[in-house]
2 protein chains.
Amino acid sequence: MDHTGDPRPRAVTIYDVAREAGVATSTASRALSNPGRVSDRTRAHVAAVAERLGYVPNRIAQALPSGRTGLFALVIPDITNPHHVGLIRGAEAAAAAAGHSLVLADSQEDAAIELAHLRRLASFVDGFLLVSPRSPAAELAAHLARPAAVFNRPLAGLPGVVADVDAASAHIVGHLVGLGHRRIAYLRGPVTSWADGERRRTLADHAARHGVGFAELGPFAPVLGSGPSAAEAGLGSGATALVAFNDLIAIGVLQHLERSGVSVPGRVSVVGADDVFGASFCHPPLTTVTSPAEAAGRALVGLLTGTAPEDPVLPSTLVVRESTGPTP
Amino acid sequence: MDHTGDPRPRAVTIYDVAREAGVATSTASRALSNPGRVSDRTRAHVAAVAERLGYVPNRIAQALPSGRTGLFALVIPDITNPHHVGLIRGAEAAAAAAGHSLVLADSQEDAAIELAHLRRLASFVDGFLLVSPRSPAAELAAHLARPAAVFNRPLAGLPGVVADVDAASAHIVGHLVGLGHRRIAYLRGPVTSWADGERRRTLADHAARHGVGFAELGPFAPVLGSGPSAAEAGLGSGATALVAFNDLIAIGVLQHLERSGVSVPGRVSVVGADDVFGASFCHPPLTTVTSPAEAAGRALVGLLTGTAPEDPVLPSTLVVRESTGPTP
DNA sequence: TTGAAAGCGCTAACAG
DNA sequence: CTGTTAGCGCTTTCAA
């Protein structure tokens, strides 16, 4: 049996409420959504009738004149990424608290899909939450027909929050150099990722400042499956410390190294980023840099609802675990 | 500077297109969305004008008369749960493929919030995807003003898919008994979860069939943090095998046991459910039962779009890793 | 094949 | 404080 047909039994409208209450529709409307501009008695009466009839406002109809739906679109390169889950959660909670809902749009690391989302959803949402958008800035601007807040990508004219990548790199290099490492290799992420560019730049910077060797390898897709190729490239580079674009790659590297019998951190140290679920109990537990994902999600929503976050750059902290150790 | 203000520069409407093309709005509308009922020349002309003007249909306006928004609401007890992420991904992909988008609603394991979502979003979406809904069936039915497809909870009159819990329990008990275990304890999940009820029933069933002892402990919140209390309860029960409601609890138990110096599977065996990210590399790697989450998400969407899945019960498989072993 | 006009449900002037 | 009326942008009868 198919139960997917439309069961809508001609919903009760504000006209029904108004008629039943014996007032004009505008009065009913005001009584329900703009109290104060109507007498207490009328308001109470209308409310009672609405309640009795089981009236639920049609939000589409409400949205047509106002142009506001109470919906935000969350555009993400990859829903699967555990790190993004924290951001989603924070954004959802903040949106819910503000009476909004989130429309999810996965762009699969693809700029064209990303832009298509911006276009398709524009008339439907009050704003966009752009997580590490991959499209060229010009295209983004051209397709953006709604307010937007951006995570991890400074874009002219758009508010946003970013992780403190420079601080993260400083932490990482400082930690590694302190352990005696003289050759560091960075396992790159997506070329279209702003964070990746920043990571390369600042890592190279801090490495130079400390006078240690630095190499870039990749790019690699930011998924577990990149582990083997990234690990091999890292090993081949002669570096004693591997810094991965994110934890997924790092954990993949760890798994490959363990299978290959390469000791971590005995032979090489490995550092990740994001502190995803699992980073604390992979093998060995992963040293990683992280910034508060839920806070990022909340901040994005805040930017759209008028609550600017205190600081648009989120602190980065280094979580030292067992995947890093003294140089061999 | 605040850029969150509405930048909408009076979007081009179908009236603009019609006027510019020198036809009636109805003709323009047909040309754009109901081709075939209009001459080829007119259609092409209108399309060209629309293109040139950068016309993008206002989906809210489209939705008002039709009542269809192309939005589905995905109502989940807990977005944070890694297992649900797979389902979200599958649902998003299937929805996108069908030209729909997903509105995310986290009910935080709370029936009241869940029902509030159903009410708030009803007029906005074409249907609901209910993931393990926690509310009483009667309330659910009363609040559901739209078609719905349900995951992991058989509900009269509503289509849905469920994991094959009985098969999962059979696998688990068979595996454990084969290893010599005679006393099994189940670490319960949320009391409002249908899956939990099924798990209890079928586990008890299969244990009885094999003539082995069975105990129920809990309930425990389905999160990592329940590990310590669940582990202690399990240890105290005298069971040699602990079967957790889900992997989060199981991994939490594993962590607590490791910290407490209790050998797994030397002293007790541990089984989880869902095979979440991390289950393969926690310590020791977790034996767990799982069913295809992405497929579940796709199936739910299929139920709403008219593509009924071949089989409404998803296969359960047992992934044997190192957290289970011979009885001490 | 095309045009004119009504209406989806609600809000917001504008009067009274 | 309350009622009348005009749209929001689009689709869809109903005529022509």
Side-chain angles (χ1 to χ4, degrees), chain A residues 6 8-47 49-50 53-70 120-126 145-146, chain B residues 6 8-47 49-50 53-70 120-126 145-146:
Chain A
D6 194 335
R8 225 171 322 166
R10 192 173 299 288
V12 11
T13 75
I14 200 167
Y15 290 108
D16 301 320
V17 175
R19 181 169 6 85
E20 190 73 10
V23 301
T25 55
S26 55
T27 300
S29 174
R30 277 187 292 252
L32 262 18
S33 51
N34 202 355
R37 304 194 58 72
V38 78
S39 86
D40 268 10
R41 268 190 63 256
T42 312
R43 196 197 46 62
H45 179 220
V46 171
V49 172
L53 264 41
Y55 169 71
V56 178
N58 180 327
R59 300 189 52 192
I60 300 188
Q62 286 184 308
L64 224 210
S66 71
R68 308 183 13 78
T69 57
R120 275 181 44 81
L121 294 173
S123 58
F124 242 134
V125 301
D126 297 340
R146 280 285 188 281
Chain B
D6 194 335
R8 224 172 321 165
R10 191 173 298 290
V12 10
T13 74
I14 201 168
Y15 289 108
D16 301 320
V17 175
R19 182 169 5 87
E20 189 73 11
V23 299
T25 55
S26 55
T27 301
S29 173
R30 279 186 290 252
L32 262 17
S33 50
N34 202 354
R37 305 194 58 73
V38 76
S39 85
D40 270 9
R41 267 189 64 255
T42 311
R43 196 198 46 63
H45 178 221
V46 171
V49 171
L53 264 39
Y55 169 71
V56 178
N58 179 326
R59 300 187 53 192
I60 301 189
Q62 286 184 309
L64 224 210
S66 70
R68 308 184 14 79
T69 57
R120 276 180 44 81
L121 293 173
S123 59
F124 241 136
V125 301
D126 297 340
R146 281 285 187 282

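Each chain gets a letter, A, B and so on, in the order the sequences are listed, and its residues count up from 1.
The heavy-atom pair separating A/I14 from A/Y55 by the smallest distance is N-CE1, 3.5 Å. Counting all heavy atoms, side chain and backbone alike, A/L32 lies closest to A/A47 at CD1-CA, 4.2 Å. Between A/V17 and A/V49 the shortest heavy-atom distance is O-CG1, 3.8 Å. Here the shortest heavy-atom pairing between A/I60 and B/A63 reads CD1-CB, 3.8 Å.
We find the CZ-CG distance between B/R43 and B/N34 to be 12.0 Å, quoted to the nearest 0.5 Å.
Applying the side chain to side chain donor-acceptor pair (under 3.5 Å) rule to A/S39 yields the partners A/T42; only residues at least two apart in sequence or on another chain are considered.
Following rounding to the nearest Å, A/R19 (CZ) and C/dG9 (C1') show an atom-to-atom distance of 13 Å. When the C1' atom of D/dT2 is taken as reference, atom NE2 of A/H45 falls 15 Å away, rounded to whole Å. Put simply, CG on A/L53 is 15 Å from C1' on C/dG9, counting in whole angstrom units. Whole-Å rounding puts the B/N34 CG to D/dT13 P distance at 10 Å. Between the P atom of D/dC10 and the CG atom of B/D16 lies a distance of 9 Å, rounded to the nearest Å. Rounded to whole Å, the distance from CG on B/L64 to C1' on D/dC8 is 8 Å. At whole-Å resolution of the value, CZ in B/R59 and P in D/dC10 are 13 Å apart. One atom, CG of A/L32, and another, P of D/dT2, lie 14 Å apart when rounded to the nearest Å.
End-to-end axis angle for the helix from C/dT1-D/dA16 to C/dG16-D/dC1, using five pairs per end and rounding to 10°, comes out at 40°.
Here the nucleotide nearest the side chain of B/T42, chosen from C/dC10, C/dT11, C/dT1, is C/dT1.
Panel note: side chain B/R59, backbone A/R120; a donor-acceptor pair is recorded below 3.5 Å. The main-chain N or O of B/A122 is found under 3.5 Å from a side-chain atom of B/R146 such that the two form a donor-acceptor pair. Using modelled atom types, no side-chain atom of B/S29 and backbone atom of B/T25 make a donor-acceptor pair closer than 3.5 Å.
Using a 4.0 Å cut-off, some side-chain N or O of A/S39 falls inside it from OP1 or OP2 of D/dT2.
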Just the table, please: protein N/O against nucleotides 14-16 of chain D N/O, every pair under 3.5 Å.
none

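Mapping A/V23 and A/Y15 onto DNA chain D by nearest heavy atom places A/V23 closer to the 5' end of the strand. For the pair B/A24 and A/P65, nearest-nucleotide mapping onto DNA chain C gives the more 5' position to B/A24.
Counting any heavy atom pair closer than 4.0 Å across all strands shown, A/T13 reaches sugar-phosphate atoms only and no base atom.
In this model, a side-chain donor or acceptor of A/S26 finds a partner on the base of D/dG3 within 3.5 Å. Judged by atom type and distance alone, B/T25 does not reach the base of C/dA4 through any side-chain donor-acceptor pair under 3.5 Å.
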(request) Start with the C-alpha gap between B/N58 and B/T13, add the side-chain angles, then the distance that decides, and say whether side-chain contact (heavy atoms from CB on, under 4.5 Å) holds. (result) CA-CA 8 Å; B/N58 179 326; B/T13 74; over 6 Å; no
